[in-house]
Structures are given as structure tokens and as C-alpha cells.
J.: 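Once you've had a glance at the structure underneath, I'll fire off some questions.
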Amino acid sequence: MTDSDPPAIRTRFAPSPSGFLHLGSARTALFNWAYARRHGGKLVIRIEDTDVERSTLESEKAVLEGLEWLGIDWDEGPLRQSERSERHLAAVERLLSTGHAYRCRCTRIELEERRTQTIAAGRKWTYDGLCRDLELGDDCGPHTVRLRLPEHGELGWDDAVYGPSGQDASEIGDRIIRRSDGLPLYHLAVVVDDLEMGITHVIRGADHHPNTPLQIALYRALDADPPTFAHVPLIVGSGGKKLSKRRDSVSIQDFERDGILPDALRNWLIRIGWSCGDQEIFSADEICASFDLAAVNRSSAQADAEKLAWLNQHYIKELPNAEFVAALMPFLSQVTSQAVTPSDGLSQLVELQRERGKTLVEIARLSRWFVNDTIDYEEKAVTKHLKPAIGPPLRDLHDALAKLSNWSEESVKSCFDAVLAQHEDLKMGKLAQPVRVALTGGTVSPGIFETLAVLGQARSIARVEAALDLIPPA
RNA sequence: GCUCCCAUCGUCUAGCGGUCUAGGACGGGGCCCUCUCAAGGCUCAAACACGGGUUCGAUUCCCGUUGGGAGCGCCA
């Protein structure tokens with residue numbers, strides 16, 4: 001590599017491990033991943049776990065598993081920010097020695113007092129600089145360290161999404177970068193980490209946009225070039241309000257539990273705040289081939305569950321049979337107390353149910369009649385369709401079905417044809433629904449011949465027989 | 001309160017001064033198909049927040065209003 005080569009692209013995803021992978025974080029991760037993949041770069045994972053109160057190993061695991069489930073793979077990490085505090089502190093010392101930072105003795109209570117006064121006077125609070133020129137040494141007692149900002153001057157950058165952005169240094173004020181207990185603060189840690197990890201593109205939520213001027217100042221004080229920043233619009237809930245844990249599904253695990261396919265969720269997320277012509281369906285490869293920061297929107301977007309459902313059904317319809325059966329298995333187990341095992345019948349059933357449900361949960365629910373030997377009859381269905389008049393034709397159908405020596409959609413259909421011919425006033429609909437109730441307990445199922453075929457002769461006949469007994473006497 | 005950001009159908013979006021009687025998708029309505037439910041096909045309704053400029057011409061550029069959002073910690 002020569003000096004003129006552009007540096008290889010390195011993006012990062014830096015979640016704080018708060019118990020689960022949040023929807024918004026997941027999309028940020030996806031954008032970082034897509035951008036790195038698109039440009040042959042690397043994605044680095046860094047766990048921002050300096051908040052010991054909230055950070056646990058389990059929650060870190062949950063976040064990582066969420067990424068894997070979504071199909072997001074990374075090249076380096078996970079690194080832990082908590083293990084890098086020496087590097088952060090070294091940077092503070094450097095800043096101190098170059099005069100870009102100074103020690104501050106102001107206490108929390110003093111600060112709080114001055115802040116409330118300023119705000120009461122209707123002014124924005126920035127540090128008033130009391131310790132700024134005191135040139136306090138390390139022996140000055142309990143103290144924090146503050147970054148020394150220029151009095152004035154634009155702290156600007158060209159955001160890859162928002163375009164030219166920035167704020168005047170006077171709006172920021174001298175901010176604390178090392179706490180009085182000696183621990184580094186977030187903004188300092190982030191800048192040092194991104195710098196030392198060689199991150200070229202910081203793609204993160206737009207909630208960080210207002211924090212960026214401070215970080216620009218930090219890069220300058222550290223005598224380093226800032227990376228490219230790209231702030232992506234926030235995902236909001238219905239009504240444009242903040243996503244709430246109560247109202248909305250906010251954790252990736254929620255979607256998995258609700259029977260959403262990872263391909264569908266990934267497709268849904270990538271299209272929130274980003275588009276590529278009229279294309280709606282994006283495979284992982286297509287995302288990697290076409291994702292572009294310049295096409296990212298600037299306004300926050302609502303998460304639309306209906307669109308996700310549609311995408312999910314689309315991917316359900318495309319899933320290879322074996323994968324579909326495997327994906328459905330745990331959901332089937334939830335709707336029956338019987339053991340569910342893969343079988344030819346199950347493989348066939350799944351083909352019939354593909355287009356009848358939008359989630360795995362829904363498809364499992366629609367398939368209860370197949371995996372359960374005991375039928376839950378819907379009372380309304382029974383009283384409506386199992387009436388005395390249907391007794392004789394149903395009996396005839398039963399007998400015809402019982403005589404069949406080869407069991408198939410075609411042979412079963414011939415039995416229906418025969419019964420219909422025998423009973424002149426009987427229409428297909430009048431016969432099919434009672435049979436459907438007999439087989440499934442309800443009024444909803446795939447085509448009646450297909451349902452019979454997949455259920456098999458023995459089970460079908462037994463169920464029709466049982467239904468015959470449910471018909472009240474005339 | 002202060003600073004910053006955002007603003008096209010209900011929702012996600014296309015549009016980068018004339019191509020806009022504003023396109024696509026989800027959702028909604030209707031029709032067709034039909035043994036139920038779906039799926040599928042066809043079809044309809046639905047938006048440039050408002051007010052000023054700039055311009056021969058604004059959805060597109062500028063300013064303001066309104067509405068939303070974010071940030072203002074010895075949290076991350």
C-alpha cells in the first residue's frame with residue numbers, strides 16, 4: 001500500500017449491552033454491515049460496557065445472538081470498551097500535557113447551582129470556565145478533567161447523510177472527559193476507540209448528531225482527522241412517538257418469538273430510511289450490492305408492522321421445504337402436547353399452509369388439526385355444518401372413502417363426485433364444509449381434497465366417523 | 001427554555017426547477033377466481049403541512065409559521 005491508496009473502509013457497531021438487541025440498534029448494525037460489505041471493508045463490534053450497572057455478560061450474549069440471527073457477521077471483535085480504559089486515560093494525559101485539557105475543582109453541587117441559575121435566566125448552560133485558567137496540578141484535590149474548547153469557531157463536518165453540519169464551539173463549552181473518580185467519559189472513550197481501531201466511517205443513530213461537534217473537538221485536540229460521520233434517522237413508533245417497550249416490539253427476540261423470519265426482518269429494516277428505486281425485496285446479497293449512504297433519508301420513520309407481515313409471508317413462500325419444516329417445528333410444538341416429528345405428511349402440509357399465514361405462529365395455529373390427534377371442535381362450526389340433513393351423504397362419502405385402495409387427491413375427489421351425483425340437491429360447498437369440520441374441527445383449511453390427502457386414509461375416515469356421531473338426530 | 005434536525009398518499013418511499021393530471025410498495029375499497037381460508041389476477045380511492053419570496057415556471061431553491069424529533073450530565 002502506498003500513501004495515495006484510500007484507507008480500507010472500516011465501520012463499527014457499538015452497542016451497549018442492555019439485555020437485548022433493540023430494533024433501532026439492529027438497523028444501525030445492518031447499515032454498518034451493508035456499507036462495509038458493499039465496499040469490501042471490515043465491520044468491527046465494540047461493546048460499550050462501561051456502565052457496569054447495566055452491563056452483564058448475558059445481555060452481551062443476547063445482543064450478539066440477535067446479530068447472528070439477522071445474518072450480520074463481523075470481522076473483528078467483540079472488543080469491550082471496559083477493557084480499554086488505560087488507553088482512554090492515556091489520551092487524557094496527552095490532552096493535559098498539550099494544554100487541550102485542564103483540571104477542574106468545581107463540585108457537582110456548585111455546578112448544579114450555577115446551571116439552574118443560568119437556565120432560570122433563560123440561557124443555555126455551558127461550563128462557565130471558573131477553573132479554566134487556574135492551571136491546577138494533579139495535587140489540587142478531588143477534580144475532574146475538562147476539554148479546553150476554543151472560545152469560538154465552527155466545529156463542523158460533512159455528514160454523509162445530513163450534509164454540512166456543525167455548531168460553534170461556544171455552544172458546547174468545556175466538557176468533562178475524566179470523572180473525579182478517575183474514569184473516562186463516554187465521548188472521550190468513543191473517540192479514542194474509533195481512532196485507535198482505525199474506523200473510517202461512523203454510522204450511528206441520529207440521536208448522536210448533536211453530540212458530534214464535541215467529538216470533532218476531541219479529534220482536533222488529539223491532532224487527528226475525524227472519520228466520516230453518517231447519522232441515520234431514528235425509527236419511531238406509531239404516531240411518530242418514541243418506540244415504547246410497552247406498545248411496540250422493540251427487541252429482535254420479540255420478532256423471532258412471534259414467528260418472523262430473519263430474512264424478512266432484515267429486509268424490513270433495510271428499507272426503513274433507505275430505498276433503491278422501486279425495489280422492495282432485498283436478499284442479503286442484494287443489500288450488500290446496492291446499499292448506499294447517499295440514499296439514506298433524513299427524516300425519522302415509523303415502523304410498519306403490516307409491511308413486515310407482508311415481507312414475512314413473502315419469505316415464507318420462498319423458503320425451501322426442509323428449512324420451512326425445521327423453522328416451523330418449535331412453533332408446532334407450542335400448539336400441541338404431542339411430540340412433533342418431521343414426516344412426509346408434514347412436508348406436504350407445510351406446502352399447503354405457506355400462503356395461508358403471515359407468521360410461523362399463525363401457520364402453526366392453522367396446522368393444529370394435523371399435529372393433534374384430538375380435535376378441538378369449534379362449537380359454531382359444528383352446529384352450522386353438522387346438521388341432520390348432511391348425515392346420509394356424509395355416510396356415503398365415508399363408505400366410499402373407506403373402500404379406496406389408493407389414497408390421493410384424485411381418488412378422494414372421485415368419491416366426492418360420486419356422492420354429489422347420488423344426492424342431486426347437494427352442492428360441493430354443502431358437502432365440503434361438513435367434511436372440513438370433521439377433519440379439522442373448524443371451517444378453515446387448505447382445499448378439502450388436499451386436506452384429506454395429507455391427513456391420510458385412516459385418520460380421515462376416523463374423523464368423518466366421529467363427525468357422524470356429532471350429528472344430532474333428525 | 002436554549003441549540004440542532006426533520007416535513008410528499010394512513011405507513012415506507014420515488015422525485016434532486018418544466019418529464020407531476022406526483023410514480024412504486026404495504027394497508028384499505030371493488031371485481032374476478034373459488035369447497036372454506038388464503039394466495040393470485042384486474043381495478044379504485046388516497047399525499048406535495050401553511051404563508052411569503054426567488055424564477056418565465058416551484059413538490060423541488062430561500063425565509064417565516066405550524067407540527068414532529070433529538071441533544072443540552074462527573075449516563076452510554
Side-chain angles (χ1 to χ4, degrees), chain A residues 14-18 48-51 53-55 81 104 106-108 111-112 115 118-126 142-146 159 162 165-168 171-173 175-187 189-190 205-214 231 233-234 236 238-242 268 271-281 295 297-311 313 317 352-358 362 366 381 385 416 427-437 440 442-449 451:
Chain A
S16 49
S18 56
E48 312 223 309
D49 59 346
T50 46
D51 184 353
E53 303 271 304
R54 287 189 304 197
S55 304
Q81 194 159 56
C104 171
C106 298
T107 66
R108 284 176 212 258
L111 253 13
E112 188 50 41
R115 181 179 316 151
T118 311
I119 288 172
R123 289 216 1 94
K124 179 180 180 161
W125 162 261
T126 54
H143 64 271
T144 60
V145 174
R146 284 182 187 273
D159 198 279
Y162 284 87
S165 306
Q167 248 181 311
D168 195 87
E171 296 283 349
I172 316 288
R175 301 280 292 271
I176 294 171
I177 54 175
R178 191 180 75 191
R179 314 198 308 199
S180 54
D181 63 5
L183 290 175
L185 252 79
Y186 169 75
H187 290 294
V190 169
D207 48 339
H208 287 287
H209 191 264
N211 293 149
T212 309
L214 170 63
H231 290 93
L234 267 18
V236 296
S238 47
K241 300 295 174 196
K242 193 173 171 179
W268 185 56
R271 277 284 290 103
I272 299 177
W274 176 77
S275 64
C276 184
D278 285 342
Q279 189 172 348
E280 295 287 349
I281 305 294
N297 261 254
R298 281 171 290 275
S299 46
S300 53
Q302 296 184 34
D304 180 16
E306 293 293 340
K307 189 115 176 200
L308 207 214
W310 173 75
L311 281 165
Q313 186 170 45
K317 285 195 276 187
L352 300 175
Q353 301 284 225
R354 272 182 198 282
E355 34 196 49
R356 280 168 234 272
K358 292 180 189 297
E362 196 181 339
L366 291 171
H385 296 290
F416 273 76
K427 290 279 197 307
M428 180 59 189
K430 288 289 181 208
L431 181 58
Q433 278 306 74
V435 176
R436 182 167 276 117
V437 175
T440 70
T443 55
V444 172
S445 87
I448 199 66
F449 309 136
T451 303

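Because only heavy atoms are used, hydrogens play no part in the values below, and waters and symmetry mates are left out as well, while side chains stay in. Everything numeric here is computed off the predicted structure, so don't read it as measured data. A, B, ... follow the sequence lines: proteins, then strands. Residue 1 opens every chain.
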J.: Counting any heavy atom closer than 4.0 Å, what does A:Ser275 reach on the DNA or RNA strands: base, sugar-phosphate only, or nothing?
T.: sugar-phosphate
J.: Taking all atoms of both residues into account, what is the closest heavy-atom pair of A:Ile448 and A:Ala432, and its distance?
T.: CD1-O, 3.8 Å
J.: Looking at every strand, decide which applies to A:Thr107 at a 4.0 Å heavy-atom threshold: base, sugar-phosphate, or nothing.
T.: base
J.: Considering every strand shown, what is the Watson-Crick or G-U wobble mate of B:U59 when both distances are under 3.5 Å?
T.: none
J.: Indicate, with a heavy-atom threshold strictly under 4.0 Å, whether A:Trp268 touches base, sugar-phosphate, or nothing.
T.: nothing
J.: With heavy-atom distances below 4.5 Å as the criterion, would you say the side chains of A:Ile281 and A:Leu311 are in contact?
T.: yes
J.: Specify the residue among A:Gly429 and A:Ser300 whose closest nucleotide of RNA chain B lies further upstream toward the 5′ end.
T.: A:Ser300
J.: Measure the distance from CG on A:Leu311 to P on B:A25 and round it to the nearest whole Å.
T.: 13 Å
J.: Scan A:Gln313 against the nucleic acid and name what it touches under 4.0 Å (heavy atoms): base, sugar-phosphate only, or nothing.
T.: sugar-phosphate
J.: Please give, in whole Å, the distance from B:C75 C1' to A:Tyr186 OH?
T.: 10 Å
J.: With a 3.5 Å limit on both atom pairs, tell me what B:C33 is paired to, counting Watson-Crick and G-U wobble, or say none.
T.: none
J.: Would you indicate which nucleotide in B:A76, B:C74, B:C35 comes nearest to any side-chain atom of A:Ile176?
T.: B:C74
J.: Give one of base, sugar-phosphate or nothing for A:Arg115, where a contact means two heavy atoms less than 4.0 Å apart.
T.: sugar-phosphate
J.: With a 3.5 Å limit on both atom pairs, tell me what B:C2 is paired to, counting Watson-Crick and G-U wobble, or say none.
T.: B:G71
J.: Please determine whether a side-chain nitrogen or oxygen atom of A:Lys317 lies at a distance below 4.0 Å from atom OP1 or OP2 of B:G40.
T.: yes
J.: With nearest nucleotides of RNA chain B determined for A:Ile448 and A:Ala295 from heavy-atom distances, which residue corresponds to the more 5′ nucleotide?
T.: A:Ala295
J.: Within the structure, does a side-chain N or O atom of A:Arg179 lie under 4.0 Å from either OP1 or OP2 of B:C75?
T.: yes
J.: A:Cys276 near the nucleic acid: base, sugar-phosphate alone, or nothing, with a heavy-atom cut-off under 4.0 Å?
T.: nothing
J.: How would you label the contact of A:Leu234 with the nucleic acid (heavy atoms, under 4.0 Å): base, sugar-phosphate, or nothing?
T.: sugar-phosphate
J.: Students often get this wrong, so: under 4.0 angstrom with heavy atoms, is A:Lys427 touching a base, only sugar-phosphate, or nothing?
T.: nothing
J.: Closest approach to the side chain of A:Lys307, judged atom by atom: which nucleotide of B:G27, B:G24, B:A76 is it?
T.: B:G24
J.: Among the nucleotides B:C74, B:A39, B:U36, which one has an atom lying closest to any side-chain atom of A:Lys358?
T.: B:A39
J.: Rounding to an integer number of angstrom, what distance separates B:A49 and B:C42 when you compare their C1' atoms?
T.: 35 Å
J.: Partner of B:A49 by Watson-Crick or G-U wobble geometry, both contacts under 3.5 Å, or none?
T.: B:U65
J.: Pick the P atom in B:U60 and in B:G53, then give their distance to the nearest Å.
T.: 15 Å
J.: Determine the contact category for A:Gly447: base if any of its heavy atoms lies under 4.0 Å from a base atom, sugar-phosphate if only primed atoms, P, OP1 or OP2 are that close, otherwise nothing.
T.: base
J.: May I ask you to say what A:Arg436 touches in the nucleic acid, namely base, sugar-phosphate or nothing, with a heavy-atom cut-off under 4.0 Å?
T.: base
J.: Look at the side-chain N and O atoms of A:Lys241 and state whether any lies under 4.0 Å from the OP1 or OP2 oxygen of B:G69.
T.: yes
J.: Could you please name the option among B:U13, B:U11, B:A76 that lies closest to any side-chain atom of A:Leu185?
T.: B:A76
J.: Out of B:G73, B:C35, B:C37, which has the shortest distance to the side chain of A:Gln433?
T.: B:C35
J.: Looking at A:Asn297, I'd like to know whether one of its side-chain N or O atoms comes within less than 4.0 Å of OP1 or OP2 on B:A14.
T.: yes
J.: Using a strict cut-off of less than 4.0 Å between a Lys/Arg side-chain nitrogen and an Asp/Glu carboxylate oxygen, indicate whether A:Arg356 and A:Glu362 qualify as a salt bridge.
T.: no
J.: Is the ring pair A:His231/A:His209 parallel, tilted or perpendicular, if the boundaries are 30 and 60 degrees?
T.: perpendicular
J.: From C-beta outward on A:Tyr162, which listed nucleotide comes closest to its side chain: B:A70, B:G68, B:C6?
T.: B:C6
J.: For A:Arg298 and B:G15, give me the distance from atom CZ to atom C1', rounded to whole Å.
T.: 13 Å
J.: Send over the distance from A:His187 NE2 to B:A76 P, rounded to a whole Å.
T.: 9 Å
J.: Does A:Glu280 reach a base, just sugar-phosphate, or nothing at all? Heavy atoms under 4.0 Å.
T.: base
J.: Check whether any side-chain nitrogen or oxygen of A:Ser180 sits under 4.0 Å from OP1 or OP2 of B:C74, and answer yes or no.
T.: no
J.: Does the structure show a Watson-Crick or G-U wobble partner for B:G10, both distances under 3.5 Å? Name it, or say none.
T.: B:C26
J.: Categorize A:Asp207 for me: base, sugar-phosphate, or nothing, with a 4.0 angstrom heavy-atom threshold over every strand shown.
T.: sugar-phosphate
J.: Once you apply a heavy-atom cut-off of 4.0 Å, does A:His231 come out as touching a base, just sugar-phosphate, or nothing?
T.: nothing
J.: Please classify the nucleic acid contact of A:Lys430 as base, sugar-phosphate, or nothing, using heavy-atom distances under 4.0 Å.
T.: nothing
